[in-house]
Amino acid sequence: MSKWFADLNPQQKEAVETIEGPLLVLSGAGSGKTLVITRRIAYLMEQGIAPEHILAVTFTNKAAAEMRERLRAMVGHTAKKVTLSTFHSLGLQMLRAERNRGKNKKPFVIFDQADQMACLRELSRTVRLDRSLDLGSLLARIGGFKNAFLDPEQVPASEDEYQHAAATLYGAYCQAMEAYAAFDFDDLICTPTRMMERSAPCRRRWSGRFRYVLVDEYQDTNSAQLRMLKALVSLHSNLCAVGDDDQSIYGWRGAEVRNILKFDSDFPAGKVIYLMRNYRSVGSVLALANAVIAKNENRHPKSMVAHRAEGSAVKMVVNEDGESEAEWVAKRMAHYREEKKYRLSQIAVLYRSNRLARALESALRAQNITYRVVGGQSYFDRKEVKDLIAYLKLCVHPADSLSLRRVINWPARGIGPVTLARLAEWAEQRQMPLYSALPKADQILGSSDRARKAVAGFVALMDKTRKRLSTHAAVPEAVRDLIDDIGMKADIFNAASSGKVAERRWASVQDFLDGLGRHCQGPGSATLATYLSKIALNELEKDQEQDSGEQVTLSTLHGAKGLEFPLVFLLGVEEGFLPHERVMNPASNDAGGGDLSEERRLCYVGITRAKDELVMTRAAQRMIHGQMRDRAPSRFLTDLPKELFETEDHTIVLSPEESKKRLEEIRKMLSR
DNA sequence: TGCTATGTTATTTTT
DNA sequence: TAACATAGCA
């Protein structure tokens, strides 16, 4: 018997050793999913399958890194030879490889969401468009078109205002992306998929290379990713999909729960294995989770079985309002810290909406409890870093007119909107990238001496920098020179409201340089271009991961997926948050109708994060949009047998005499 | 260019 | 309520 499944339960073992043909592993929360995936890869290798033929796809870099590490611990350095990456990084790799085969070797840039938005904002100026429309919503719909592989002219006409506007914008958007030689995240999936679908040799190449394919979090795949997988396994059907339909919480981002529900029709003659033994949570927590999720329809019917003992009862704590809720949680933590019942790092506070974190943060500070907030603004989203990145993108790829617009007058060098408009018009008429207008500034701008000089100065700067970057060594030095040349330091210190802010901004520029330096010292192929794509795909190690100390984790329910904690506080378990108000009353710009079942799954995900103890809280009333509102308990819990959790009510209850007295007082005030 | 007054909006955010 | 954006002004 293989050593890789000696200690597994029968279903886990079956999932590891079923290596041929389609296999769906429905792995409930805490059922040892990552263990099974990594063991399976090790087992494949033990069976003599070359690691080069194995592909494991995840959604996040974190998951990929974690898997890689666990695999390395099992099989050593050969773990490196397994292709273990995110969908997007796989797509990028395929795209690069295919372009290198063909004639098209032009460099390209990757647009993240901010870049996409900037692009749309730019377009919405030329394409006449109702300015009140929400660009984010339009972008989401354009993503929908892309993932359905629709060409702009194929988009069905629609009455819906947003759908209509998105369709109008879609063509212009595609053109712009082409002109910039830019690929967005959707393109990274769709383009390689289209290549495979259109060309049998291409399909054979990739399907032949990756003979055993694993996908993690299958419930989160969208329709394009499904098509990508279908093409990838077209030669052999060796697809192992691992996921849990009950944990599908990204439907609003295009994920299709249906994919995991209709697995057997997409990949016929496959096998389905249920991993239903839960090793994570105590019985009481699991019972509640099972009861909550059981009410959903359209799911693989299943129920987790507790491996652990019953544990202490789940609690629901009702407080007067949002502030007292936060305060109560913080005080309870302070208490635990003193009693040493839990270390702070073992505690998480989860909530549906970030807004709930605010009250909590101040309550925690008041109790001197350190915390970390999962997610939050990324380091590369900071303005100063983004500006610098735009310069570098432009150096690598002059056709990226968006980056050019971003930096052409930053720091200010006298190229104002009028000058820019003239240059843009010239380029527009000739269907050329904006950059190509710059060397012609003399003839385009005519009289304006100042502007001409400014543009010439900018061109000289870019030429100089590009030359420095291309001369073999010293990429970081070249960037440092660029920073000096543009006077970035002075600009940061002038622009900032306080010295402290400036110091911090300047420090992030330094951090960026350090990161770049480290990257360039890495393996041979490390270039500025690869660094930029890593930034776009969020693939760089987060250097300031400060989970060193003792701190409580604060996270949205979405951010908590895949995590687990001995003690979990689940905040705002109320109508309006769970399910969210927005789902019950969708705004006009929301795509499809609100999905109540996804809200229930979100609740389920929250509950199943808890290992030993779960405390849910809600407030009797809460400040919503500046108004105090009464809050009702979440429907996901009101219709459950009451022995599943204990309620603890901390709202102020007045005695009959007391309330009579209060009423009298009010009456007096009114009569006066 | 940059600041202030005013208006407006109110989830979730793996890449 | 409070954060953010935009417009208008200096």
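Residue numbers start from 1 in every chain, and the chains themselves are labelled A, B, ... in the order their sequence lines are given, proteins ahead of strands.
Spacing between B/dT13 and C/dC4 at atom P, rounded to whole Å, works out to 15 Å.
Between A/Thr556 and B/dT13 there is a side-chain N or O to OP1 or OP2 distance below 4.0 Å. Within the structure, every side-chain polar atom (N or O) of A/Asn354 is placed at least 4.0 Å from both OP1 and OP2 of B/dA10. Between A/Asn61 and B/dT14, a side-chain N or O to OP1/OP2 separation shorter than 4.0 Å is absent. When the side-chain nitrogen and oxygen atoms of A/Thr86 are compared with OP1 and OP2 of B/dT15, none of them lie within a distance under 4.0 Å.
Using a 4.0 Å heavy-atom criterion, one finds that A/Gln113 contacts the bases of the nucleic acid, with or without backbone contacts as well. Across all strands shown, A/Phe577 has no heavy atoms under 4.0 Å from either base or sugar-phosphate atoms.
For A/Phe111 and A/Phe183, the ring centers sit 6.0 Å or farther from each other. Close placement of the A/Phe263 and A/Tyr218 rings is indicated, their centers lying within 6.0 Å of each other. You'll find the ring centres of A/His558 and A/Tyr250 inside the 6.0 Å limit.
The CD atom of A/Glu598 sits 12 Å away from the C1' atom of B/dT13 (whole-angstrom rounding). As a whole-Å value, the separation of A/Asp220 CG from B/dT12 C1' is 13 Å. With rounding to whole Å, A/Leu602 atom CG is found 14 Å from B/dT11 atom P.
When the nearest nucleotides of DNA chain B are assigned to A/His625 and A/Lys561 by heavy-atom distance, the more 5′-ward of the two goes with A/His625. Between A/Phe59 and A/Asn409, the residue whose closest nucleotide on DNA chain B is further toward the 5' end is A/Asn409.
Donor-acceptor pairing under 3.5 Å, judged by distance alone, is absent between the side chain of A/Arg355 and the base of C/dT1.
Here the CG atom belonging to A/Leu402 is positioned 11.0 Å from the CD atom belonging to A/Gln116, to the nearest 0.5 angstrom.
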